[in-house]
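Below, chains carry the letters A, B, ... as their sequence lines are ordered, and counting in each starts from 1. None of these values were measured; they are calculated from a predicted model.
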Amino acid sequence: MSPPRRYWLMKTEPDTFSIDDLQRVGTEPWNGVRNYQARNHMRAMRPGDGVFLYHSSCAVPGIAGLATVASEAYPDPTQFDRKSDYFDEKSTREDPRWSLVDVKFDRKLAQPITLEEIKAHAEDFGEEFPLIRRGNRLSVLPVTAAQWKQLLKLEKRA
DNA sequence: GCCAACGTTGGC
DNA sequence: GCCAACGTTGGC
C-alpha cells in the first residue's frame, strides 16, 4: 500500500527563482536549503507530494503556483562544490549534511494567493499553520490536506 | 550547557 | 532600508 500523498509549501525569492523559472525548466533540484528543519521536511517528502510554491521577499508575497515532488531526497551536490555559495566545508560525501528533492512544475496560478488573503482567512487554517505565525522563517514547511484544500479555495479563477 | 553576539530571513 | 524574529556560533 502506498503512503498517502502529503503536502508542502516551499518558499523562493522570485528575483532568484520564480514560478516562471520553474515553468521554463520543468523540473528543478531544490538546492541551497541550509536549515535543518527544512532539510528534515524534504527528507520526509515522497514523489507525487503536492507543493505550494511561495514567493517571498517581493512586492506581493504569496502562493504563486503548484508543483509536485519529483524525487526522493538525495544529497545536495552544491554542498561539495567549493565554488558554490552553498558549499559546506563541514559536510562529507560519506555523511552528507544537506539534502534536496527535485521539484516539478505543475501550474502557475492565474493570480497569486497572497499572504494578505491567507492571513485574512487565518481561522480556516488553525493556529498551527506556520506560514502565518509571527517571525516564521522556515523555507520548507508541511501543509495538511485540509489546509491544502482550504488554500486552493482562495484561488481566484481567471 | 548557557547565553551573548552575530548573521539571515522576510514582511513592511 | 528598517527591524523583529529566529538559527547558529563560540566563549566560558
Please report, rounded to the nearest Å, how far the [atom2] atom of [N] is from the [atom1] atom of [X].
{"X": "A/Glu116", "N": "B/dC12", "atom1": "CD", "atom2": "P", "answer": "8 Å"}
{"X": "A/Ile118", "N": "B/dG10", "atom1": "CD1", "atom2": "P", "answer": "14 Å"}
{"X": "A/Arg133", "N": "B/dG11", "atom1": "CZ", "atom2": "C1'", "answer": "16 Å"}

Review point. Are A/Val33 and A/Trp8 connected in the hydrophobic side-chain network, where two residues link if heavy atoms are under 4.5 Å apart?
Key: yes
**Study point:** Pair A/Trp98 + A/Tyr74: ring centers closer than 6.0 Å
**Key:** no
Review point. Would you say A/Arg46's side chain and A/Arg6's backbone share a donor-acceptor pair under 3.5 angstrom?
Key: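 Judged by distance alone, no pair lies under 3.5 Å.
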Check your understanding: Any sub-3.5 Å donor-acceptor pair from A/Ser84's side-chain atoms to A/Tyr86's backbone N or O?
Key -> yes
Check your understanding: Just checking, any donor-acceptor pair under 3.5 angstrom between side chains of A/Ser99 and A/Arg43?
Key -> yes
Could you go over nucleotides 7-9 of chain C and give all protein N or O partners under 3.5 Å, atom names and distances?
none

